[in-house]
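Just so it is clear, the values below take in all heavy atoms, side chains as well, and ignore hydrogens, waters and symmetry mates.
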Amino acid sequence: MSDRKDEIIKLQMEVISQMTGNNLRRIADDLWGVAPGQTSGLSIGGKPVGAAPSVIPSDMPSLSSLQSAGNPFLSQPGMGGGFDPLTGSYSPVTPVQPVVPMQPVVPVQPVVPPQPAAPGAQTAQAAPAQEPQQQEEPPEDIEDLKKELSEYIGLETIKKEVESLINLVTIQKMRKDAGLPVNDLSLHMVFSGNPGTGKTMIARLMARIYKSLGILSKGHLVEVDRSGLVAGYVGQTAIKTGEVIQKALGGVLFIDEAYTLTTKGGNDYGQEAVDTLLKAMEDHRDDLIVIVAGYIELMEDFVHSNPGLESRFNRFLDFKDYTIDEMIAIFEMRCQKSGYTLAEDAKELLRGLLALLSLDVKSFGNARGVRNLFERAVSAQANRLAASTEPLTKDTLMLLTADDIRVAGGGSQDGSEEQELVEKVIEAGKTGEEKPEEA
């Protein structure tokens, strides 16, 4: 039994030696490219190691024969693998996967977070989009502005005042260019009059005129009232007023109902807004025009309430109420621009209605009241046509009838309940003196 064991061990050693030699020869071939039949310079047991033979010698016992001999070591699972000379153990042969060429790795650039822009700075991409907004319109021709002024309905006194101011500024500029002495002009103005008499419209035109004459750099209009200037706490009014002034630089600051800044009592912050305004008018006298507006009596009290205001506002433009004929002309102008026509009987009713409404001019609002009356007439026409069963033509879509005017004035559509009032309204329009009794 011991002889059989020794024989098995001997066979094991021979197999191990043979496999080790084969592995070393393969390594030598891979490293130095040794051709078959040549030695690689390595030796095992004093014998040179050559290239691996093409076949295993016929007298070499097979692994299966050794396993069938009952060797428990060779019968272990996985003994069909290769021998590792470093660990002295067998391992299953793992099929060699074909080598896939590695693709060159493109380095990923780190993402740099955008840096916040400094206040007032613009990025290179944002600049082209904002550039059109930064471009200012060139000054308009003064003759075109004069023509526009002359086409306004009514305002005869205002037209003369504005034309006189244009002439004064033009001559003073020519004297300055010629090296002649000129007087400092105070171009700040007070507009006084009832609501709807064209104060805001003329203020916008004055901004454009001043730009055309080279007085202002931008020629825009910033319109505010008391709520846009006065804050509710100490110290905030100066900041709020200062922000409005910065927005208006280069143009006209139009303050409607300015008298409310000085009529609220001693604990009010309106005086703080006035003080801030006076300082800005002095600091920016070359590029800021201030126009204050309100009722005639109240604006006189406002100007005389502060010596600084009295010295800076010395140009007063009094806006008269529109006459009945002027208000009818304004109504017809709106009809023409909006694609409407006024029936003949509607004109007679309109005249009487305007005469009646204008008896309380502050409540009616002059041109503003005419605009509201026109919009109500258009709405009444739309309701009338929507309920009609007749085919609608272009003429019917354009025509404003007496019924539309009656409904716009607050009456019923058929006029049955207000017939007596309508007659008195028409009569009031003819005489301009009678005030109809309440219905």
Worksheet item: Are the side chains of Thr263 and Phe302 in touch, meaning some heavy atoms are under 4.5 Å apart?
Response: no
Worksheet item: Does any non-hydrogen side-chain atom of Glu151 lie less than 4.5 Å from one of Lys147?
Response: yes
Worksheet entry | Sub-4.5 Å side-chain heavy-atom contact between Val190 and Val303 | yes
Worksheet entry | Donor-acceptor contact present, side-chain Asp287 to main-chain Ser217, <3.5 Å | yes
Worksheet item: Between Gly270 and Val230, what is the shortest heavy-atom contact and its length?
Response: CA-CG2, 3.9 Å
Practice prompt. Give, for atom NZ of Lys394 and atom CG of Leu397, the distance between the pair rounded to the nearest 0.5 Å.
Written response: 10.0 Å
Worksheet item: Between CD1 of Ile330 and CZ of Phe374, what distance do you get to the nearest 0.5 Å?
Response: 13.0 Å
Practice prompt. Dump the intermediate steps for side-chain contact (heavy atoms from CB on, under 4.5 Å) on Val162 and Ile209, then the final yes or no.
Written response: CA-CA 9 Å; Val162 173; Ile209 289 175; 3.8 Å; yes
Worksheet item: Can you list the steps and then say if Leu309 with Ser305 is a side-chain contact (heavy atoms from CB on, under 4.5 Å)?
Response: CA-CA 8 Å; Leu309 292 173; Ser305 66; 4.1 Å; yes
Worksheet item: With distance as the sole criterion, is a donor-acceptor pair present between the side chains of Asp403 and Thr401 under 3.5 Å?
Response: no
Discussion item. Just by distance, no angles: are the side chains of Glu163 and Asn167 close enough, under 3.5 Å, to form a donor-acceptor pair?
Written reply: no
Fill in: Electrostatic pair Lys159-Glu156, nearest N-O below 4.0 angstrom
yes
Worksheet item: Can you check whether Val274 reaches Asn306 side chain to side chain, under 4.5 Å on heavy atoms?
Response: yes
Discussion item. Given 3.5 Å as the limit, does a donor-acceptor pair link the side chain of Thr276 with the main chain of Ala238, or not?
Written reply: no
Practice prompt. With rounding to the nearest 0.5 Å, note down the distance linking CG in Leu277 to CG in Leu229.
Written response: 7.5 Å
Worksheet item: Side-chain contact, heavy-atom cut-off 4.5 Å: Phe319 with Ile158?
Response: yes
Worksheet item: Given side chains that start at C-beta, do those of Leu249 and Gln246 come closer than 4.5 Å, heavy atoms only?
Response: yes
Worksheet item: If only atom types and distance count, is the side chain of Lys211 paired as donor or acceptor with the main-chain N or O of Lys218 below 3.5 Å?
Response: yes
Practice prompt. Compare every heavy atom of Val292 with every heavy atom of Met299, then report the nearest pair and how far apart it is.
Written response: CE-CG2, 3.6 Å
Discussion item. To check you understand the geometry: which heavy-atom pair defines the closest contact between Pro195 and Arg368, and what is its length?
Written reply: CB-NH1, 3.9 Å
Worksheet item: Do you know which two heavy atoms are closest between Ala377 and Leu400, and how far apart they sit?
Response: O-CD2, 4.0 Å
Discussion item. Consider side-chain contact (heavy atoms from CB on, under 4.5 Å). Of Leu359, Asp360, Leu353, which one does Leu357 pass it with?
Written reply: Leu353
Worksheet item: Can any side-chain N or O of Gln381 pair as donor or acceptor with the backbone N or O of Asp404 at less than 3.5 Å?
Response: no
Worksheet item: Any donor-acceptor pair under 3.5 Å linking the side chain of Ser388 with the backbone of Glu390?
Response: yes
Worksheet entry | Heavy-atom side-chain contact between Thr170 and Met174 under 4.5 Å | yes
Worksheet item: Nearest 0.5 Å, what's the CZ-CD distance between Phe316 and Glu161?
Response: 12.0 Å
Worksheet item: Counting distance only, does the side-chain N/O of His188 pair as donor-acceptor with the main-chain N or O of Arg312 below 3.5 Å?
Response: no
Worksheet item: Where do Asp225 and Ser227 land on the side chain to side chain donor-acceptor pair (under 3.5 Å) test, with the steps shown first?
Response: CA-CA 6 Å; Asp225 55 12; Ser227 63; 2.6 Å; yes
Worksheet, complete the sentence: Shortest non-hydrogen pair, Leu216 vs Gly250, comes out as CB-O, 3.4 Å
Fill in: Nearest heavy atoms of Leu349 and Ala402, plus distance in Å
CD2-O, 3.3 Å
Worksheet entry | Flag for Glu148-Tyr152: side-chain donor and acceptor within less than 3.5 Å | yes
Discussion item. Check this for me: does any side-chain nitrogen of one of Glu344 and Lys347 sit under 4.0 Å from a carboxylate oxygen of the other?
Written reply: yes
Worksheet item: Could you state the interatomic distance from CG (Leu187) to CE (Met206), rounded to the nearest 0.5 Å?
Response: 8.0 Å
Worksheet item: So, Arg175 side chain and Leu180 main chain: donor-acceptor pair closer than 3.5 Å or not?
Response: no
Fill in: Asp256/Lys199 under salt bridge (Lys or Arg N to Asp or Glu O under 4.0 Å): CA gap, chis, key distance, verdict
CA-CA 9 Å; Asp256 196 14; Lys199 296 185 293 294; 5.7 Å; no
Item to complete: Dump the intermediate steps for salt bridge (Lys or Arg N to Asp or Glu O under 4.0 Å) on Asp318 and Lys320, then the final yes or no.
Response: CA-CA 6 Å; Asp318 188 10; Lys320 303 295 183 180; 3.2 Å; yes
Worksheet item: Judged by atom type as modelled, is there a donor-acceptor pair below 3.5 Å linking the side chain of Ser338 to the main-chain atoms of Cys335?
Response: no
Worksheet entry | Beyond-backbone contact of Val252 with His220, side-chain heavy atoms, under 4.5 angstrom | no
Worksheet item: Please walk me through it: do Phe331 and Leu342 pass side-chain contact (heavy atoms from CB on, under 4.5 Å)?
Response: CA-CA 9 Å; Phe331 192 98; Leu342 193 60; 4.0 Å; yes
Discussion item. Any side-chain to backbone donor/acceptor pair from Ser358 onto Leu354? Under 3.5 Å, distance only.
Written reply: yes
Practice prompt. Kindly compute the distance separating CZ (Phe254) from CE (Met189), expressed to the nearest 0.5 Å.
Written response: 10.0 Å
Discussion item. side-chain contact (heavy atoms from CB on, under 4.5 Å) for Arg334 and Glu375? Distances and angles first, verdict last.
Written reply: CA-CA 10 Å; Arg334 288 192 169 274; Glu375 292 175 355; 5.6 Å; no
Worksheet item: Can you tell me if Thr197 and Asn366 form a side-chain donor-acceptor pair at under 3.5 Å?
Response: no
Item to complete: Test Asp283 against Lys279 for salt bridge (Lys or Arg N to Asp or Glu O under 4.0 Å), laying out the working first.
Response: CA-CA 6 Å; Asp283 295 342; Lys279 185 178 185 303; 2.7 Å; yes
Discussion item. Could you check whether any side-chain N or O of Thr241 sits under 3.5 Å from a backbone N or O of Thr237, counting only pairs where one atom can act as donor and the other as acceptor?
Written reply: yes
